[in-house]
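For reference, the structure is listed below as structure tokens.
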Amino acid sequence: MIVPMSHILAISATMFLMGFACVLAQRNLIMVLIGVEIMLNAVGLTLVGASALWEQVDGQIFVIFLMAMTSAEVSISLALVVYLNRRKHTLEADAFSEMKG
Amino acid sequence: MSAADLAALAPILILALGSAAVLLTGAWWPRCAPLLWGGAAIALAAAFTAALYSPPTLEIAGFFRSDGYGRFFTVLWSAVAALTLMTSLRYAEERHFEGGEYAALILFGAAGMALLSASVSFVGLFLGLEAFTLVLYILIAFHREDPLGAEAGLKYLVMGAVATGFLAFGIALLYTASGTFRIAEAMTALGAGAEMRPVAMAGMAMFLTAVGFKVSLVPFHLWTPDVYQGAPAPVAGLLSTGSKGAVFAALVTMWGGLEVGRDLLEPLLWALSAITMLVGTFCALRQENLKRLLAYSSVVHMGYVLIGLLAGGADGNGAVVFYLVAYTVVNLGAFGIIASFSREGGEPQNFEDFRGLGYRHPLRCGTMAVFLFSLAGVPPTAGFIGKFGIFYAAVGSGYILLALLGVLASLVSLYYYLRVIIVMFMSDIAAFPLHRGTFSEKAAVGLCLLATLWLGVLPGALLDLITRIL
Amino acid sequence: MNLLPDITQGASSFPLLTLLVAIPAVGGLVCFFLRRHAAACRWLSLISTLVVLALSVVYFVTFSGQGGWLLYEDYPWIERFGIRYTLGLDGISLLMILLTALTQVLAILVSWRRTFELPLFFATILFMEAGILGVFLALDLFLFYLFWEVMVIPMFFLIGVYGHGRRVYAAVKFFLYTMGGSLLMLLGIIALVIIHAGQTGEITFSLPALQGTVLSPETEWWLYGAFLIAFIIKVPLVPFHTWLPDAHTEAPTAGSLDLAGLLLKTGMYGLIRIAFPLFPVAAQASLPFLAVLAIVGIFYAAWIAFAQLDAKRLIAYSSVSHVGLMVLGLCAWNQTAVEGSILQMFNHGITTGALFIMVGMIQHRAHTRDLDSLSGLWAKAPILSAFFLFFALSSLGLPGLNNFVGEILILIGAFQANPWWGILGMAGVVFAAAYTLRLVKETLWGPPDETPEWQDLTPREYIVLVPLAALVLWVGVYPAPFLEPIREPVRLMLEGGIFTALNGGTP
Amino acid sequence: MNPLLLFLILLFPLAAAVVNALLGTRLPRGAVVATAVGGVALSALASFLLWPLAAGEGTRATLYTWMASGDFSAAVEIVYDRISAPMALMVTFVATLIHLYAAGYMEEEKDYARFFALLNLFVFAMLVIVLSDNLLLLFLGWEGVGFCSYGLIGFWYFEERNADAGRKAFLVTRVGDVFLGVALLWLFALTGTLSISQINEAAAGFAPGTLFLLSLLLLGGACGKSAQLPFMTWLPDAMAGPTPVSALIHAATMVTAGVYLLCRLFPLVSLSPEAMAVIALVGVATALYAATCAAAQREIKRVLAYSTMSQVGFMFLAVGIGSVSAALFHLFTHAFFKALLFMGAGCVIHMTAGENDIYRMGGLARRDRLLFWCFLIGALCLAGAPLTSGFFSKDGILVTAFASEVPLHRFLWGAGSFIALLTAFYTFRLLYLVFLGAEKRPVGAHRHHLPGVMRWTLVPLAALALLGGLFDLPPLYGGGHALREWLGPLAGIGPHLPHAVEWLLAGVATSIFLLGWVFAHLRYRIAPAPGESLGARFLLSGWWADRAVYTVVVRPFGSLARFFWKVADGRLIDGSLHTLAEGSNVLGEGLRRLTTGRLHNYLTALGWGGVVMLAWFLAGYLL
């Protein structure tokens, strides 16, 4: 391997944390979803790195699965976001808090 | 992929292909009721196939088990899909659901659950889990005119997406540490001498976070009441049973194969179980909304199941599986009753709506009482045998304190189950009558009732079956 | 006298004991489904309880004078856990079953004229009968626990749906109190079974088998404690008694009758049949402690009873006081006292049950149970009042009536065990007289109120009261037929060999 | 004769009671009365005819084993012997007369069936006490008379006061019963039997301390039933019942049950000199207390009630100094003359239309000569007029006390003589106020007719009261101590004094009687107003005993009851449960707040959960 696994892990962990921080910090739904995407990309990076480390294709296959899944998820979430925006004319996540307790 | 593998996948294929077929049919012939009946028939067909056909292989492509264990859960989740469709018939029709889409989604979800339960590889686990999670994103917000449904959908979606991130990252880290997706082997990376133990551990923590979200363990449970409340009652039924049960079914395989790293995991699960039982119980105490109450109750129940999982061994795993079945039957029935009471305007959820209804709708309220007693773990119901099995395993494995906490939680939780019964049977003023219910709804609920009592009085057959498949 | 040819020899092929449990259970189910046919349910319930009564009388007559296990049934049930469906009848259960069967017939009769959801009412009573009979018969701990819980649910509904005043509060309090104890017992049962399985390799819930478990002293204490809590809550011993006054007071007449007559007995029965034989060492060591609780209870509850303003509450507290004496008898742990205790369980069911029935009759007429409002009933309904006085006298332990026999046997035995127990127990009779006479005085004597004429006893009420009165007198004057069946079982129990006969398989 | 015939004595009154209780309301009055009187009369007849069975060692009869359990067994067994036979005869005979009297007295009572049923049941219970050879059976009668007196004292229940009096009688006597009950338990533990004869035989082997305590326990029981100190407060109130009841229960029979018990168990009691001293002292103390109270009472029946208490005190004294025969002799004569007095008092009350206050009577002697003479005879007996039965029996006790060598007994003699003086005084006070002097009430329309049966039943009693001394006439007067001789070995000690001393003592007794009369004459000849001094009120209220009991026992009992109910049960037990429930609710509400409904809070929680788990693993790895 050209790059040590620890470096890959460090980068992907940072990416993952940044993504999660984005999810937590951003109030706008779109931004939250982008945060999720960043998290998932960190996962992809790790998998590819690990795949290289172990010299297997399993990890790469998983990445493909992941990408397919992500796209499905994104399409569903965008549909919902559009729908929600139409209903309430806002994309503030915390505006949707009618149910609690 | 060999022919044998295909044959072993037959029930899943029936579900998945059936799903596609229903979807297409719905596009051309949008009649809600027949489509849902059709979906139920497909689910039953899958269930029968899984039950009766014993495939030549024990594993499918190293991803899924096709032994008794896997087939058992395929039967269970297919039956759950069928019952959900039955209780959805009028519900979907009155709300102008697209019958094809709805039935297709539920069938597809069932396929996902079956896969998850049977998974022996993280790939299979991830695929199965995501398959029904995506389905649930849609199903929860399926009723387009219901703002609460949309809110619930949003909450589940965002939480779910984040959890998916955690899950995937956890799996990735475990893979990094072990170089395999096969669960049993990947777990060895947790071992004391393993090379990349910290990475595996971080992966495990991520994985558990995601699992905690899926099965609503405290503190990952917060979405549960909101989503249950907003989701259509039949979907909430599916959500509370299949989506949690399937995860636990996979965990049983995983935990059973875990030979190393228990020393760190055990206290963690112990604490999760204890805090889940107690927090869930106390949160439910003052609920005035039946669906939210059932949500918190499901939190508590997952705490109990965790005890069984923790205890492990034949007793513990058996108890977990039995408990899942009992809990599934009961919760499905309870949400089915709520669905059967629903009118076009909405579902009855608040206690106010049920006030004194015990004498207006005696059969369904009586059945609800049985379900609630079962949830409370009072004999002669399935819930009691389930709880008995859990406690038996716990005491047998030395988790006495946890068992005592379980008893405490059971005692407190009796109170909120009783509150519902009190509202239905012991109120002086009666609420307005609710919907009279249709045949399919009553049949589905009746089946659940029968199963609840049967498992409560004669659990022997199921217990033996579970012993055999484990 | 043998009214049951052949089939009673050995383990019978015909399930005579299951019959006892099944008849009311099926009757209850049918009532549940015949919700719209009140009249049919009435008769159905009466007939099923009468059949059970007839059966138990037949058993009682047939087995009079025989010791050991009279009937025994054993089938595999949940083999995964080694759970068996085992029922057994010995003299102690026989007496309890007779009491149960009789009480439930009366419960049906006193509720004859109810209107609100009558079929469901009768269904609860029948289910409860099935549960209670099961408790008195079960020899498998799991089965026992099952019945133990099952009998509580109908009572919850009986109080909560059909009760008076703060019925919901009372029902919930009753349910939670009872469950709190029994859940601990469940853990105790499981732990015992697991320890036993560890020693013998056999998972079983059978009482006779579990009796042979070897326990370390500390474990035995913990397990015994778990069982003890469950039972003394049900008994109930002070300070675990506060569910009882509320439950008794708010329950409908039939509910109070069943509570006082039967449910309290299950706690005592549990001590006798389960807790003491399973944990002999811990039980022996705990007896003085229990005796103290019992004696405190006798006085404490009697004292509170004296201050009550509600007739039913007064009788409820009197129950707590009476059971204190019964537990004292058990603590004495000798033949005389234990026999007295068991007989007293029967007597208390009859007498206190009768008093609750009569308070129900009075309430039906006067529309109040308030002792300050009631007055001069004798002038309005002398026969009713005479019966009331009669049962009150029985309750305060007048010699020649049933309670005296039990009390004196308990006290004789208690005195032998520890003179102070006997002395304090004897002193309790003054307290009993104090509250009972207050009850009688406030209701029967004094100037009659201005309300219109009352109907004295109706024929149905005669049917209810006369057998009770006859029993009160019978046990009081000639208790031998009721003492005889329990002699041998009590002797065996004291020797720790109550189950030895069963260990070989058939009795 | 078949010994089982003895049970007929019990059966007749019981059967009459059962018939009257079950059918009384449907039968005509005549039938009820006939059943009641017939039952008791037949019982008297049976006692009389079976007399031969009492000779020698007496006769025992066992009907069946009442209860048996372990090594405990108690049989329904009775004994007809030298003590029980005369007692039974006396009880049934007096009861027959009282039943007859009651037939007249209750002429206008509507609820007569209840009355006669209870009266018959009472006779049955009393006979059980008398005849029983088993302490447990005796206990049945013992409690039975308690119940019957409860029912009869509160017979006119329309007035709460009457019902309260009945309840008080039952409760106070029951306190005494506890002592008897404990004695019973202890005796069984010691001897393994409750048969009285066997216990008496075994008593010799008991330790002195045991004997002393047992005797005290028996004394406690006896005191309760016989209204001796400190259980005496119920008796004056018991006068709330109809007068025949007072005559039967509170004069002739029930109150003497205590004395009878001590006589039956005399072989045991007499073994403890200390206990005997206590018995004698209790007797004297009660006699003194009651005599002082009687001297200040205003109600005719209360005077008689206190006098009964006082006379029963004399009987206790007799037992205490060791003379069963003297005790029983006084018991019998007292039964006759006190029944007579009560029945006379009943007639007086009847004549004055329910007046009870002796200060508002007077001059009744002129209204009914027969009544006056009969009452006078009774009064003379009570006062101890020479040659009446009361004189002989009371003197018998005092002489025995004087003759004894125990130093204490001489003192007791002195005290007894002083009480005798008081007795004479208050008896004549009663006579003067009721029968002599001027009538104080306007007589006219109120004048009541007195049924014949009430007046004529007084005569045989008067005769017995006058001549009852013959039953045990001392040799001094030419008699042969008939009762002593009959009792034989059971009689206890007797006086052995020179005749001169006896004459002297008789002289003293006579002068005491005269002295009392003179005092009364001087004080009450011209009917004065009732005393209003503090002393008078003190005595009138029975030394404020009721108030003391109320303050020391009744009120604290009630307050403690409410304390236990409201505070211990309500606040402590239920309160802590409620707090627990409330706490759970508050906790639940608090935890529910965590579910804010805001997505970001949920996500944060998820994150923190993940962090904690990571930290746990990290810690696990590093440590």
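Residue numbering restarts at 1 for every chain, and letters A, B, ... go by the order of the sequence lines.
Heavy-atom minimum distance, G597(D) versus S97(A): O-CB, 3.1 Å.
Within a 6.0 Å radius of CZ in R571(D), no more than 12 heavy atoms belonging to other residues, nucleotides or ligands are found.
The closest side-chain heavy-atom distance from H600(D) to D94(A) is below 4.5 Å.
Against chain D, the residues from residues 11-38 of chain A that qualify, each with a non-hydrogen atom under 4.5 angstrom away, are F20(A), V23(A), L24(A), Q26(A), R27(A), V32(A) in number order.
Rounded to the nearest 0.5 Å, atoms NZ (K100(A)) and CZ (R598(D)) are 7.5 Å apart.
With a 4.5 angstrom heavy-atom cutoff, T596(D) touches chain A only via backbone atoms.
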